[in-house]
Amino acid sequence: MTNPGDALVVEARELDALLRALRERGHTLLGPTVREGAIVLDEIGGASDLPAGWTDEQDGGHYRLRPRDDGALFGYAVGPHAWKRWLHPPAVVRWRARRDAGAFVAEPDTAPPPLYAFVGVRPCELAAIRVQDRVFLGGLFVDPAYRSRRESAFVLAVSCGCPGGTCFCVSMGTGPKAGPGFDLALTEVIAAGRHDFVVEVGTERGAEVAADAPHRPAAPADLEAAAAVMASAEGRMGRSLDMAGIKELLYRRYEDPRWDEVAKRCLACANCTMVCPTCFCATVEDETDLQGTATERRRIWDSCFSQEFSYVHGGSVRTSGGARYRQWITHKLATWLDQFGVSGCVGCGRCITWCPVGIDITTEARAVRQGEAQGS
Ligand code: SF4
Ligand code: SF4
């Protein structure tokens with residue numbers, strides 16, 4: 001019998017049996033797959049859709065896929081998509097209204113979300129989901145659209161054995177080993193003629209799914225092999241960020257000349273907020289049909305990099321690019337701590353990789369720290 005807290009070993013060739021067990025329970029599988037030169041998250045049918053034998057090369061404004069010769073199924077870091085795409089989708093219908101006998105009838109959108117299984121959730125992404133849980137579920141107002149998706153989703157996490165060039169989860173305390181919040185967590189072990197997964201069971205439903213796949217109990221040597229994968233990954237982070245006193249630093253450096261300098265490079269394209277797994281800001285738009293008989297209200301993603309985002313009566317509060325970048329990085333690394341009790345950055349590196357001009361949150365934070373030290 002399999003229970004939460006157990007550790008098992010599943011051969012790599014049996015991973016599909018684990019995924020089949022999820023499909024048989026009605027889950028739609030979402031996981032990493034190769035598309036258009038990137039590893040994206042999308043619906044997958046099984047293990048054969050995973051990016052076997054691929055890795056990624058990441059740097060500021062740079063992403064390329066490269067083949068690897070060991071057939072690893074999870075031998076890459078995070079791509080452009082985050083799980084918020086399904087938990088906090090880019091567009092959510094809040095209600096619809098139609099004209100009916102001279103009056104309007106409003107109907108909330110109550111369609112239940114699909115029953116998802118998230119396959120390959122990385123530790124930084126697990127941390128990001130915990131951050132968004134605080135935002136959407138932890139305050140005075142609970143977001144029903146987020147809650148229904150979150151409660152039903154099965155989380156199959158994968159600890160990171162192959163961090164990317166822009167990763168800094170070690171600095172943020174979010175990886176490379178999967179933290180709390182998973183149903184099952186895998187560590188891929190490829191060494192000395194073995195290719196398998198050491199599986200940690202996190203929940204009862206995780207135990208039920210794991211029991212359906214061929215497995216054996218993990219021996220001490222298996223746990224040591226998984227720990228060695230983590231130790232190696234910890235030492236290969238592409239970036240680091242000194243978090244000591246960063247909140248106070250950013251509050252002190254409101255007028256730092258670096259904000260104007262970064263504004264000369266920033267295109268205000270909002271890519272950084274779109275790819276970030278914790279950014280949650282949204283706006284609301286209404287749309288009516290041409291006959292005026294039906295209307296729909298949608299919540300859509302928004303970004304603090306647009307001028308309209310800070311519009312209040314009479315104009316925008318943050319008209320300069322420097323003010324908008326300062327707002328973003330200060331929210332991520334400082335005010336988020338006051339607002340939600342955690343950092344708004346989990347160290348996934350996406351905003352660095354997918355910034356078209358390679359603006360780097362770790363470089364900018366370091367520059368502000370150095371500027372203060374040099375008295376500028
Ligand atoms: S920091 Fe980079 S990704 Fe973000 S808005 Fe500026 S140019 Fe775009
Ligand atoms: S701020 Fe950048 S590195 Fe931090 S969580 Fe967001 S996308 Fe990842």
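Just so it is clear, the model here is predicted, and its values are computed rather than measured.
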Distance (rounded to the nearest 0.5 Å) between Asp59 CG and Ile352 CD1: 9.0 Å
ILVMFWY network linking Leu186 to Val201, side-chain heavy atoms under 4.5 angstrom: yes
Contacts of type salt bridge (Lys or Arg N to Asp or Glu O under 4.0 Å), residue Arg13, not counting sequence neighbours: Glu11
Result of checking Arg85, Arg350, Arg130, Lys84 against Glu125 for salt bridge (Lys or Arg N to Asp or Glu O under 4.0 Å): Arg350
Arg66 bridged to Asp56 by N-O distance under 4.0 Å: no
Pairing of Asp212 and Arg25 as salt bridge, 4.0 angstrom limit: yes
Distance-only polar pair, side chains of Arg149 and Tyr116, donor-acceptor under 3.5 Å: no
4.5 Å side-chain heavy-atom contact, Tyr76 and Arg68: no
Rounded distance [0.5 Å steps], NE2 in His81 versus CG in Asp42: 7.5 Å
Charged N-O contact under 4.0 Å between Arg98 and Glu107: yes
Pairwise distance CG(Leu250) to OG1(Thr335) - rounded to 0.5 angstrom: 9.0 Å
Residues Asp196, Arg194: salt bridge by 4.0 Å N-O rule: yes
Note: Asp286-Arg299 ion pair, threshold 4.0 Å (strictly below): no
Between Asp49 and Thr33, a side-chain donor and acceptor under 3.5 Å: no
Set of residues satisfying side chain to side chain donor-acceptor pair (under 3.5 Å) with respect to Tyr251, sequence neighbours excluded: Asp338
side-chain contact (heavy atoms from CB on, under 4.5 Å) between Glu372 and Leu249, worked out: CA-CA 8 Å; Glu372 185 180 65; Leu249 171 74; 3.3 Å; yes
Over-ring placement of Arg326 relative to Tyr254, 6.0 Å and 45° cut-offs: yes
Pairing of Asp289 and Arg99 as salt bridge, 4.0 angstrom limit: no
Mutual orientation of the aromatic rings belonging to Phe280 and His331 [parallel < 30°, tilted 30-60°, perpendicular > 60°]: perpendicular
Approximate separation, where rounding is to 0.5 Å, of Glu296 CD and Arg96 CZ: 4.5 Å
Those residues that, when tested against Ala128, pass side chain to side chain contact (heavy atoms under 4.5 Å, CB included) (two or more places apart): Pro277, Thr278, Val346
Distance (rounded to the nearest 0.5 Å) between Gln307 CD and Phe305 CZ: 13.0 Å
Check against side-chain contact (heavy atoms from CB on, under 4.5 Å), Met230 and Ser159: CA-CA 8 Å; Met230 291 301 95; Ser159 291; 3.6 Å; yes
Between Ser303 and Thr273, a side-chain donor and acceptor under 3.5 Å: yes
Short side-chain donor-acceptor distance under 3.5 Å, Ser320 and Arg324: no
Gap between atom CD of Glu287 and atom CD of Glu285 - 0.5 Å precision: 6.5 Å
Partner of Tyr146 under ring pair (Phe, Tyr, Trp, His ring centres under 6.0 Å), chosen from Trp86, Phe136, Phe141: Phe136
Side-chain ion pair, Arg366 and Asp242, N-O less than 4.0 Å: no
Leu8-Leu19 co-clustered via ILVMFWY side chain contacts under 4.5 Å: yes
Within-4.5 Å side-chain heavy-atom neighbours: Met237 and Ser171: no
Pair His215-Glu14, side-chain donor/acceptor within less than 3.5 Å: no
Backbone of Val317 reached by a side-chain donor or acceptor of Ser310 within 3.5 Å: yes
